[in-house]
Amino acid sequence: MTALDTASASTPTRERPRRTWVGVLVGVLLVVLAGLSLFVGVSDVSPVAVLTGGPGSDAAFLLGVSRIPRTVAVVLVGASLGIAGLIMQMLVRNKFVEPGTTGVSEFATLGMLVTIVFFPGMAVVGKMGVAAVFGLVGTWVFLQVVKAVPVRQLVLVPLVGIMLGGVVGAVTVFFAYRLDLLQSLGQWSQGSFATVMQGRYEFVWIAGVMVGVAWLAADRFSVIGLGEEFATNLGLDYRRVVAVGMVIIAVITAAVLVTAGLIPFLGLVVPNVVSLVIGDNVRRAIPWVAGLGAVFVLGCDVLARVVRFPYEIPLSVVVGVLGAALFLWLLLRRRSRAH
Amino acid sequence: MITLEGVTKRYDGQTVVDDVTIGLGGDGVTALIGPNGAGKSTLFGLVGRLLHPDAGRITVDGMDVARTPSNQLATTLAVLRQDNHVAARLTVHDLVEFGRFPHSRGRLTVHDREHVERALSYLDLDPFRSRFLDELSGGQRQRAFIAMVLAQDTKYVLLDEPLNNLDLRHMTEIMRLVRRMADELGKRVVTVLHDVNFAATYADRMVAMRDGRVVADAPARDVMRPEVLEAVYDTAVDVREIDGKPVALYYG
Ligand SMILES: Nc1ncnc2c1ncn2[C@@H]1O[C@H](COP(=O)(O)OP(=O)(O)OP(=O)(O)O)[C@@H](O)[C@H]1O
Ligand SMILES: [Mg+2]
C-alpha cells in the first residue's frame, strides 16, 4: 500500500518518549532504599560500626541476622506482590484486581487459621502450603463468580471480589473469635516485617521463584490478556496458562502471608502505574513491576521504622494510606478519561 | 481445504448453524455473505475452534479441528473475529508481534521480525507502530488486528467483517490487500462481508448463508442476481451491469 504515503504524512509519527530515565530512577531508589533499610533501626548498625567492629561485632551480627533478612524479605515481597497483581490483571482482563480485591488473600488467611486449629504443630512450610491451596481455591471461586456474573463494568469486578473476600473474612473472624485465636489472626492481617529474621523468612524466596516463573511465561500471559479468542487463535492452551497463573498468584499470596502478613493495594497500584508508563506487554512490564513494587515496600517499611522512632508502626498502615491515595488517584484519572 | 461435514450448532435449542456441509478455502478469495444472525460468525467460531459443534466434523487440511493440537492449527489457520476488545495497553507493534506467537513461542527470530515489518507496512501502520491500541481510531485499530493476523502467516485466513469501522478508502485498500494476499502470497482468504458489491468485486466465490444454512455457493457473478440476493436478504435488490461488472443497488 505504497499509495498511502500522502495520508500518513498528515498523521505525524509520534515516537514514544524513551522511558529509560524512569528505569534509572527506579534502580537508584532501589539501591538507596535498600541501603537505608540495612542501616536504619533502633540499634546502631552503621557502615562505620560494621567495618570498625569487624565480623564478630554486634553490628555485624545484627546486620546478618536481622537487617539483611529483613531487607531481602521486603524486596522479595514487594516484587512478588506486584507480579501477583499483574498476572491476575492479565487473567481477569481487569486493571482493578489483585489478591486483596478478589478474596484470594482472605481464602489464604482462612487456610492459615485452619492449620492452627487442626495442625498446630505444623512446620511453616506446611502452613504455607495449606494457605496456598486455599488461595488457589479462592482464585478459582473468584474466576467462576466473574464468569457466572458477566459484569461489564470495570469497577464492578473488584467489588464482587471484595464482597467475596468480605464473606470469607467474616467466616474466618467468626471462627477465630469462637476459638480464641483473634490474636494470631491479627498477626497476619497486619503486614509487618518487624519479626523477620534469619531462619524465619526464607520461604519468601519461593515467592521470588514465582516471579521467575512469571517472567519465563511472560509472553503467554500477554497473549492471555488479549482474551480467550485471541489466545486460542494463536494456538495457546488458554486453560493451562490460566492454571499456571492461578498457581503463581496463590503461592505468592501464601508466601507473603506467612512472612509478612497482608499488604493491601500494592498488587493493584504498582502494575497500574507501570501500565501508564510503558503499557501491558508482560515481558517488558515484569522488571518494572518487580522493581517498583520493591521500591514501594522498601520506602513504606523504612517510613514505618522512622515516623515514631524508636517505635515501629505496622507496615500495613503506611502501605494502606499511601496505596489508597494512589488507588484513588488512578480511579479518578480513569474516570476523567472515560469515554 | 477447510471441510465441514454436517456441522450443527445450537444455543438453548435454537439451531444457529444447521447441518452445514461445505468446503471452504479453495484458491483465492471467498466471500461469506448473509443477513444479520445468519450464523456467519458462529461458523467462523466453529472452524477456529473457539466454539464446539453439537454435531458434525470440521477438518483443516485433513486435521480434525477438535483433536489437532491448537498450536499446530495456529500455524495453518488464523481467524479474526468480528468484535475485538483488547483491554490491555499494548502498542501496535506489540500486537503484531504476538501474531508470530505460533511460530516463535515468544522468541522472535530475524525471520519473525521480517514478517512483523511486512505486516505493518502492508497495513500502512508504520506511523502508528508505537501507539497504544487505546490511542487509535476504530479503523486504525481494525487494521492493527488485520496486521496481526497477516503476521501469523497462515495458509488460511478467516476475516469476520474486516471492513468494520473503515472509511471508504481503507475499505478499498483492505479489499485490495485481501486480493494481494491471495494472489501474491498464495493465501486462502475467507471473509465475511456485508457489502455484496465489495464481495463481487474482490471475491472469486460467494457463499450466502441464511438461518444457519448455506443457501447459495457459486462464482461471484452467479450470486449477483436479483432473485438470489432477494432470497438471501428478503429485500428487493436491483442488479445493474456497470462497466461489465454486476453492481447491486439496494439504497431504496
Ligand atoms: N452465545 C450465544 N448465545 C445464544 N445465541 C447466540 C450466541 N451467539 C450467537 N447467537 C445467535 O446465533 C445466531 C447467529 O449468530 P451469528 O453471530 O453467527 O450471526 P452473523 O451471521 O455473524 O450475524 P451478523 O451479520 O450480525 O454478524 C443469532 O441469532 C444469534 O442471536
Ligand atoms: Mg457476525
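Naming convention: chains lettered A, B, ... in sequence-line order (proteins, then strands); numbering from 1 in each chain. Computation of the quantities below employed the complete heavy-atom set of this structure, encompassing side-chain atoms and omitting hydrogens, waters and symmetry-equivalent molecules.
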Peer 1: Counting heavy-atom pairs under 4.5 Å with chain A, which one of B/Val86, B/Asn71, B/Asp94 comes out on top?
Peer 2: B/Asp94
Peer 1: Check whether A/Asn233 gets within reach of chain B through its side chain, its backbone, both or neither, counting any heavy atom under 4.5 Å.
Peer 2: both
Peer 1: Could you tell me whether a side-chain N or O of A/Thr101 sits under 3.5 Å from a main-chain N or O of A/Phe96, the two making a donor and an acceptor?
Peer 2: yes
Peer 1: So is B/Arg89 actually on top of B/Phe132's ring, under 6.0 Å and inside 45° of the axis?
Peer 2: yes
Peer 1: Does one side chain, of B/Thr59 or B/Asp64, offer a donor that lies under 3.5 Å from an acceptor on the other?
Peer 2: no
Peer 1: Under 4.5 Å, heavy atom to heavy atom: which of residues 214-226 of chain A reach chain B? Give them by number, or say none.
Peer 2: A/Asp219, A/Arg220, A/Ser222, A/Val223, A/Gly225, A/Leu226
Peer 1: Check B/Asp160 with B/Lys40, please: is the shortest side-chain N to carboxylate O separation under 4.0 Å?
Peer 2: no
Peer 1: Is it true that B/Phe145 and A/Phe230 have ring centroids separated by less than 6.0 Å?
Peer 2: yes
Peer 1: For a side-chain contact (heavy atoms from CB on, under 4.5 Å) check, start with the C-alpha distance between A/Met88 and A/Glu98, then their side-chain angles and the critical distance, and finish with the verdict.
Peer 2: CA-CA 6 Å; A/Met88 188 134 211; A/Glu98 63 132 25; 5.7 Å; no
Peer 1: Does anything in residues 290-297 of chain A get under 4.5 Å of chain B by heavy atoms, and if so which residues?
Peer 2: none
Peer 1: Does B/Arg129 come within less than 4.0 Å of B/Asp126, counting only side-chain N to carboxylate O?
Peer 2: yes
Peer 1: Examine distances only and state if a side-chain atom of A/Thr253 and a backbone atom of A/Ile249 form a donor-acceptor pair shorter than 3.5 Å.
Peer 2: yes
Peer 1: Please walk me through it: do B/Asp112 and B/His115 pass side-chain hydrogen bond (donor to acceptor under 3.5 Å, both in side chains)?
Peer 2: CA-CA 5 Å; B/Asp112 290 319; B/His115 274 285; over 6 Å; no
Peer 1: Is the NZ or CZ atom of B/Arg81 positioned over B/Phe44's six-membered ring, under 6.0 angstrom from the centre and within 45° of the axis?
Peer 2: no
Peer 1: With chain A as the partner, which of B/Pro69, B/Gly45, B/Gly48, B/Ala88 has the greatest number of non-hydrogen pairs under 4.5 Å?
Peer 2: B/Ala88
Peer 1: Should the pair B/Asp134-B/Arg141 be classified as a salt bridge under the 4.0 Å nitrogen-to-oxygen rule?
Peer 2: no
